[in-house]
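Here is the structure we will look at.
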Amino acid sequence: VEMRDFDSYLQACIALDSRVRAKKYVVRIDDERGTFIYDNKFHNIIEPYTIATVDKGGAFEVFGAATVCEYLKSGNFRKSVTYGNIAYSLSASRLGDVDSIPTANEIDDHIKENGIDLG
């Protein structure tokens with residue numbers, strides 16, 4: 001399945017689900033369109049949080065780690081992916097890989113300063 005629009009993201013997740021059993025699927029689309037989520041019932045696109053990109057070197061890893069950490073803390077799928085998108089943007093706005101990793105406090109401060117609703 002070529003992933004190019006909302007319907008094809010859903011088709012890809014359904015096809016993947018027929019081969020790999022998982023409860024949740026996350027497809028990072030791109031910086032402009034955000035992240036597609038699917039949990040066998042609910043599907044949606046979580047909006048990206050764009051900050052001027054400097055270096056995406058470690059941003060994808062930061063996205064994954066932040067998403068999982070928030071999910072383990074809150075148990076809220078949508079909230080955790082939104083949190084991961086914010087962490088991704090903060091990381092991509094900085095140079096380096098390890099040096100670009102935002103702390104939980106930096107992510108929380110960014111959420112508060114920008115009035116972001118995690119949902």
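Values in this document were obtained by computation on a predicted structure and should not be read as measured data.
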State the [atom1]-[atom2] distance between [X] and [Y], to the nearest 0.5 angstrom.
X: Asp109; Y: Asn114; atom1: CG; atom2: CG; result: 10.5 Å
X: Arg94; Y: Ile101; atom1: CZ; atom2: CD1; result: 10.0 Å
X: Arg33; Y: Ile45; atom1: CZ; atom2: CD1; result: 8.0 Å
X: Arg4; Y: Tyr9; atom1: CZ; atom2: OH; result: 9.5 Å
X: His110; Y: Ile86; atom1: NE2; atom2: CD1; result: 6.0 Å

Given side chains that start at C-beta, do those of [X] and [Y] come closer than 4.5 Å, heavy atoms only?
X: Ile14; Y: Tyr38; result: yes
X: Glu70; Y: Ile107; result: no
X: Lys24; Y: Asp39; result: yes
X: Ser91; Y: Glu61; result: no
X: Tyr83; Y: Asp108; result: yes

Can you hop from [X] to [Y] via hydrophobic side chains spaced under 4.5 Å?
X: Val20; Y: Phe36; value: yes
X: Tyr71; Y: Tyr25; value: no
X: Leu118; Y: Leu72; value: no
X: Val62; Y: Leu95; value: no

Pair Ser8, Asp5: side-chain N/O donor-acceptor within cut-off below 3.5 Å: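 Looking only at side-chain atoms, Asp5 and Ser8 do form a donor-acceptor pair, the distance falling under 3.5 Å.
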
Considering all heavy atoms, the nearest [X]-[Y] contact:
X: Asn40; Y: Lys23; value: ND2-O, 3.9 Å
X: Ser93; Y: Ile51; value: CB-CG2, 3.6 Å
X: Tyr88; Y: Ala59; value: CD1-O, 3.2 Å

Kindly say whether Glu32 contributes a backbone atom to a donor-acceptor pair with the side chain of Asp30 at under 3.5 angstrom?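 Looks like yes, one N/O pair under 3.5 Å.
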
Is the backbone N or O of Asp97 less than 3.5 Å from a side-chain atom of Asp55, with the two atoms forming a donor-acceptor pair by type?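 Judged by distance alone, no pair lies under 3.5 Å.
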
Going by side-chain contact (heavy atoms from CB on, under 4.5 Å), Ile46 matches just one of Thr67, Ile37, Val26, Ile29. Which one?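 Output: one option passes, namely Ile37.
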
His43/Phe6 aromatic ring centres below 6.0 Å: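 Aromatic pair counts; centres sit under 6.0 Å.
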
